[in-house]
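What follows is a single structure, written as structure tokens, with notes after it.
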Amino acid sequence: SVQNPDVLSNNRLATILVTNDGDVWAGGPYGLERLIFDKENNLEKVIQYSKTYTNSPTLSDNNVNCIYEDQQGNIWVGTNNGLNRFIKTGDEKGQFIQYSEINTKHIDDITSTNDGLIISAEEVYFISYASINASAPILKSISPSDNKATTISTDNHIWGASREALYVQELSFKNKSKPHFFKSHWANKRAISSDNVTTIYEDNSGIIWIGTNGGGINKYNPRANFR
């Protein structure tokens, strides 16, 4: 059944995450909220997080664009002004670590590989899991594109929704590989339907699904083409 939709302090949401432990995180232009449920899946508590101007470890910005849980169970929050990692403490509310190396950047998307995080923020960056607890984590640029969305496919390629078009390039932590761009064309029914790509998803069979603004949904089979 649908529970009370008014439990959140605001109803303008940009992103939602359901974590492995059952918490629901919701973020948007006015901050971040965490919904905690009991064992019977009843809402128990709502905790609000926002930027403060004290020395306390809070969010770097109130405009939340993306929330991601990595393979190690870390919760990451991307904002208009930087990257944050949630840390559980004795206090149920917990706290956030801000990553100053990337905290002047607009974070649009977060995903991961077995080795670390892939962050879309003016460029595409990689942070290894081995360095996230260091005082100055190593931040490596792996693609110059300013992506709205990024997916790492099972065949080890970066699929990115840049500001201009969809592209794919080999995932490499040593050298930046050259991207291949997919452009729409009115006379080519096999081309992508729109260059304004908003979301990318790879299914279990390796098919890439691309959502666009104005061109609907596209299906890309690496062994064929767009449909």
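Numbering starts at 1 and runs along the sequence shown.
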Query raised in the report: Does any non-hydrogen side-chain atom of T89 lie less than 4.5 Å from one of Q95?
Result: yes

Query raised in the report: Would you say the side chain of N218 lies within less than 4.5 Å of the side chain of L166, judging by non-hydrogen atoms?
Result: no

**Report entry** Pair F96 and W76, ring centroids less than 6.0 Å apart
**Finding:** no

**Report entry** Over all atoms of both residues, closest heavy-atom pair of E92 and K45
**Finding:** OE1-NZ, 2.5 Å

**Report entry** Interatomic distance, Q98 atom CD to N84 atom CG [nearest 0.5 angstrom]
**Finding:** 5.5 Å

Requested in this report: Could you tell me whether a side-chain N or O of S112 sits under 3.5 Å from a main-chain N or O of L117, the two making a donor and an acceptor?
Outcome: no

Query raised in the report: Is any side-chain heavy atom of E33 less than 4.5 Å from a side-chain heavy atom of Y49?
Result: no

Report task. Would you indicate whether the side-chain heavy atoms of T15 and N65 approach each other to under 4.5 Å? Result -> no

Query raised in the report: For the hydrophobic clusters of this structure (ILVMFWY residues joined by side-chain heavy atoms under 4.5 Å, transitively), does one cluster hold both I97 and F86?
Result: no

Query raised in the report: Hey, mind stepping through E123 and K105 against salt bridge (Lys or Arg N to Asp or Glu O under 4.0 Å) and telling me if it holds?
Result: CA-CA 9 Å; E123 295 185 38; K105 300 183 184 296; over 6 Å; no

**Report entry** Ring center gap for W159 and Y220 short of 6.0 angstrom
**Finding:** yes

**Report entry** Between CH2 on residue W25 and CG on residue L35, distance to nearest 0.5 Å
**Finding:** 10.5 Å

**Report entry** Residues which pass side-chain hydrogen bond (donor to acceptor under 3.5 Å, both in side chains) with K148, listed by chain and number, not counting sequence neighbours
**Finding:** N196

**Report entry** Minimum heavy-atom distance between A121 and I107, given as atom pair plus value
**Finding:** CB-CD1, 3.4 Å

**Report entry** Any pair counted as ring-ring contact (aromatic ring centres under 6.0 Å, His included), so long as it reaches residues 192-218, sequence neighbours left out
**Finding:** none

Report task. First locate atom CD of Q71, then atom OG1 of T113, and finally report the distance between them rounded to the nearest 0.5 Å. Result -> 7.0 Å

Report task. Taking S50 for its side chain and N62 for its backbone only, find out whether a donor-acceptor pair lies under 3.5 Å. Result -> no

Query - Qualifying salt bridge (Lys or Arg N to Asp or Glu O under 4.0 Å) pairs with a residue from residues 191-204, counting only residues at least two apart or across chains - result: K183-D195

Requested in this report: With the side chain counted from C-beta on, respond yes when I158 and Y167 share a heavy-atom pair under 4.5 Å apart, and no when they do not.
Outcome: yes

Requested in this report: Hey, could you give me the CD1/CG distance between I207 and N221, rounded to the nearest 0.5 Å?
Outcome: 3.5 Å

Query - Working for side-chain contact (heavy atoms from CB on, under 4.5 Å), residues D115 and S128 - result: CA-CA 6 Å; D115 300 312; S128 70; 5.7 Å; no

Requested in this report: With sequence neighbours left out, write down each residue that passes side-chain hydrogen bond (donor to acceptor under 3.5 Å, both in side chains) with T79, or none if nothing qualifies.
Outcome: S60

**Report entry** Value rounded to 0.5 Å, distance of CZ in F126 from OG in S131
**Finding:** 7.5 Å

Report summary line: Given the options L83, I118, I67, I127, I110 meets side chain to side chain contact (heavy atoms under 4.5 Å, CB included) only with L83

Query - Within one Ile-Leu-Val-Met-Phe-Trp-Tyr cluster: Y30 and L13, side-chain cutoff 4.5 Å - result: no

Requested in this report: Could you tell me whether a side-chain N or O of T212 sits under 3.5 Å from a main-chain N or O of G216, the two making a donor and an acceptor?
Outcome: yes

Report task. State, yes or no, whether a side-chain contact exists between D70 and Y129 at a heavy-atom distance under 4.5 Å. Result -> yes

Report task. Determine, stepwise, if the pair H106 / N81 fulfils side-chain contact (heavy atoms from CB on, under 4.5 Å). Result -> CA-CA 5 Å; H106 185 289; N81 191 37; over 6 Å; no

Query raised in the report: Are F37 and V24 close enough, and set up right, to give a side-chain contact (heavy atoms from CB on, under 4.5 Å), and what steps lead you there?
Result: CA-CA 8 Å; F37 294 83; V24 176; 3.7 Å; yes

Report task. Group every Ile, Leu, Val, Met, Phe, Trp and Tyr by side-chain heavy-atom contacts under 4.5 Å, then state whether I75 and L59 land in the same group. Result -> yes

Query raised in the report: Quick one: do the S120 and T150 side chains pair a donor with an acceptor below 3.5 Å?
Result: yes

**Report entry** Closest approach of G215 to S193 (non-hydrogen atoms, all atoms of both residues)
**Finding:** O-OG, 2.6 Å

Report summary line: Separation between CG (D38) and CD (E40), nearest 0.5 Å, reads 5.0 Å

**Report entry** Joint hydrophobic cluster, I47 plus L17, side-chain heavy atoms closer than 4.5 Å
**Finding:** yes

Requested in this report: Please test V77 against L32 for side-chain contact (heavy atoms from CB on, under 4.5 Å), starting from the C-alpha separation and ending with a verdict.
Outcome: CA-CA 9 Å; V77 181; L32 178 69; 3.8 Å; yes

Report task. For the pair E170 and K178, find out whether any cationic side-chain nitrogen is under 4.0 Å from an anionic carboxylate oxygen. Result -> no

Query raised in the report: Is there a donor-acceptor pair under 3.5 Å between the side chain of T58 and the backbone N or O of K51?
Result: no

Query raised in the report: Between V168 and P179, is any pair of side-chain heavy atoms under 4.5 Å apart?
Result: no

Query - Main-chain N/O of N74 paired to Y68 side chain as donor or acceptor, under 3.5 Å - result: no

**Report entry** Single-linkage hydrophobic cluster, 4.5 Å side-chain cutoff, I36 and V64 together
**Finding:** yes

Query - Pairs flagged by salt bridge (Lys or Arg N to Asp or Glu O under 4.0 Å) wherever residues 18-31 is involved - sequence neighbours left out - result: D21-K88, D23-R34

**Report entry** Side-chain donor or acceptor of T151 paired with backbone N/O of S153 under 3.5 Å
**Finding:** no

Query raised in the report: Excluding sequence neighbours, so at least two apart, what forms side-chain hydrogen bond (donor to acceptor under 3.5 Å, both in side chains) with K140?
Result: none

Query raised in the report: Between N213 and S194, which heavy-atom pair has the shortest distance, and what is it?
Result: O-OG, 3.8 Å

Requested in this report: State, with a plain yes or no, whether a side-chain heavy atom of E44 is found less than 4.5 Å away from one of N42.
Outcome: no

